[in-house]
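When reading the values below, keep in mind they use all heavy atoms of this one structure, side chains included, and skip hydrogens, waters and symmetry mates. Proteins get letters first, then strands, A, B, ... in listed order; numbering begins at 1 in each.
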2 protein chains.
Amino acid sequence: MTESNLRVLLRARPEGRVEPGHFEIREESPPSPRPGEALLRNRYLSLDPYMRGRMSAAKSYSAPVEIGAVMEGQCVAQVVEDPTGRFQPGDWVLGGQGWQRFSAVPAGNLRKLEPGLAPVTTALGVLGMPGTTAWVGVTEIAPPRPGETFVVSAASGAVGGVAGQIAMRMGARVVGIAGGAEKCAFVRDELGFPECVDHRAPDFAERLAAACPGGIDSYFENVGGAVQKAVFPLLNDFARVAFCGMVAEYNDPSPAPGPNLMQVVRKRLKLQGFIVRDHPRAFEVWPRTGAAWLREGSLRYREDVVRGLEKAPEAFIGLLAGKNFGKLVIEVT
Amino acid sequence: MTESNLRVLLRARPEGRVEPGHFEIREESPPSPRPGEALLRNRYLSLDPYMRGRMSAAKSYSAPVEIGAVMEGQCVAQVVEDPTGRFQPGDWVLGGQGWQRFSAVPAGNLRKLEPGLAPVTTALGVLGMPGTTAWVGVTEIAPPRPGETFVVSAASGAVGGVAGQIAMRMGARVVGIAGGAEKCAFVRDELGFPECVDHRAPDFAERLAAACPGGIDSYFENVGGAVQKAVFPLLNDFARVAFCGMVAEYNDPSPAPGPNLMQVVRKRLKLQGFIVRDHPRAFEVWPRTGAAWLREGSLRYREDVVRGLEKAPEAFIGLLAGKNFGKLVIEVT
């Protein structure tokens with residue numbers, strides 16, 4: 001093996017905005033598998049907004065990445081060697097190997113992928129954690145009833161795009177929110193949402209209200225900030241809000257106050273946060289359901305593939321600013 | 001009949017704080033029942049925080065009281081005459097007669113009370129709308145599991161006192177929040193809460209944290225404002241909040257912002273508003289359940305009875321400032 005092990009480590013914790021200097025890129029020798037471990041060559045790394053939380057020491061639902069440790073993340077990899085005999089060299093697997101080219105990990109923690117069934121990268125996006133997140137949020141946390149208005153922010157993203165498509169299948173009238181004309185056109189023309197509103201428009205709040213003449217019954221929250229401010233006054237009585245994330249505020253060291261909650265009483269709102277890993281059964285249900293929809297051509301998705309692990313910090317910084325277009329994946333060259 | 005019909009009308013809509021001048025007290029002739037109506041002599045009028053909302057024209061879950069109309073409210077009354085034959089003179093009934101001494105109302109809208117089963121005023125408080133509100137909030141909206149910490153604000157009030165007692169029966173560790181040492185002593189000594197924290201203490205937030213060393217799993221919100229600010233950081237992962245009311249903010253013409261909602265994601269909180277009348281079945285279940293507990297002596301309550309309908313405006317203004325002590329009832333002399 002002549003390739004080095006390129007690795008992206010956390011060098012320093014950001015206080016606000018993430019900068020390239022918070023990361024350190026190192027070349028090391030590939031690891032040797034210990035008993036029970038397989039050696040993997042990672043091929044695709046998933047970049048997701050939740051990783052911003054792992055960079056901070058603030059109390060959250062997961063322990064932070066330690067300073068000097070490799071950044072966490074899910075990868076699609078190929079097995080180099082597996083002394084446990086569970087996998088053959090060349091097998092495709094999914095696991096949490098992090099931002100690096102090679103990994104030696106317990107073979108029992110890996111899930112085998114069938115490249116013939118769906119492109120392997122879908123295991124990181126539409127059929128993976130983001131798609132499963134969408135499934136949980138729409139079907140369990142803020143389910144729309146037929147004919148109701150369902151709104152999702154970051155609608156061109158890995159989670160939002162799937163969320164809207166699931167809600168349409170449930171009979172809702174779906175309105176997306178995305179940043180820029182190109183993303184909005186994609187959401188309408190490719191994903192098939194009847195409406196998508198550009199949150200960068202100066203009259204965004206008015207446009208959103210016009211797109212939701214009957215108000216909003218169910219909202220899938222991915223971004224927070226100004227988008228949340230525009231959505232809240234439009235919520236109908238008994239509206240449900242699935243709080244999946246608030247990416248627009250992840251870089252904010254002193255988060256702005258939220259809406260006055262008197263409307264929660266008046267409108268009998270239900271605001272509920274969720275994290276997909278609390279819903280393990282969904283990881284059984286969604287990948288199978290989504291794969292069937294993919295095969296029949298009724299589930300659409302878009303990937304934003306960036307070549308080169310060394311580009312991961314810049315691509316991640318762009319993700320937090322909404323610069324990606326579709327599920328962001330690093331091709332680990 | 002020599003008594004006049006004393007009535008309290010809405011004279012003007014308050015923009016902020018409610019003042020006596022927003023009401024008008026008039027003496028008129030008692031009404032005559034039209035076909036289908038019974039003539040009632042109201043004996044007890046319930047005063048409740050929700051009435052603040054009815055004084056404003058702002059969109060809410062109910063239509064506002066019109067300027068010049070009698071203030072809305074529930075009364076326990078005695079039948080003077082009932083040409084429909086449904087009731088006998090002297091029968092005790094419950095209905096929405098409003099802030100007045102006499103009313104002619106459709107006899108079919110009245111519920112007959114059995115004075116032998118429980119004091120008639122309990123139909124306005126512990127066994128009535130406030131008690132039923134507590135029942136819905138605790139059992140349906142933010143149910144605590146055995147051993148969990150349940151916190152309720154306005155714990156000496158008509159709703160809060162019942163909410164805490166129901167939560168204790170469900171096996172929760174119950175912590176009350178009330179204003180002043182006297183109310184806190186009542187909540188502990190009379191209602192049997194293991195803890196009650198005085199929100200007027202300068203170190204209220206620290207005291208609340210000390211009273212909830214394991215955090216808060218379920219919160220019954222009646223007041224909002226500074227109390228809400230102190231509660232939110234203590235909420236545990238998967239905590240539930242029943243939003244019943246935010247009386248501390250009802251007089252505020254420009255409500256303050258609420259908490260940043262990122263913690264809703266991180267902690268997977270569920271914040272849910274409710275209004276008791278959306279839960280009609282609870283009006284079948286709670287009065288019967290509560291009456292049984294009253295008879296066995298295991299349900300405690302306190303009434304704050306003010307004599308004289310002309311005192312209703314002042315008493316209501318005091319209610320919004322937390323000056324009542326227990327369920328506020330006007331004895332209509």
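Residue-environment remark: CZ (R13(B)) exceeds the threshold of 12 foreign heavy atoms within 6.0 Å.
For residues 139-159 of chain A, an interface with chain B (any heavy-atom pair closer than 4.5 Å) does not exist. Contacts between residues 254-287 of chain B and chain A, counted as heavy-atom pairs separated by less than 4.5 Å, involve P255(B), A256(B), P257(B), G258(B), P259(B), N260(B), L261(B), M262(B), V264(B), V265(B), R266(B), R268(B), L269(B), K270(B), L271(B), Q272(B), G273(B), F274(B), I275(B), R277(B), D278(B). Heavy-atom proximity under 4.5 angstrom to chain B picks out nothing from residues 211-220 of chain A.
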Could you pull out every donor-acceptor pair under 3.5 Å between side chains of residues 224-234 of chain B and any protein atom, sequence neighbours left out?
residue : atom : partner : partner atom : Å
Q228(B) : NE2  : E221(B) : OE2          : 2.8

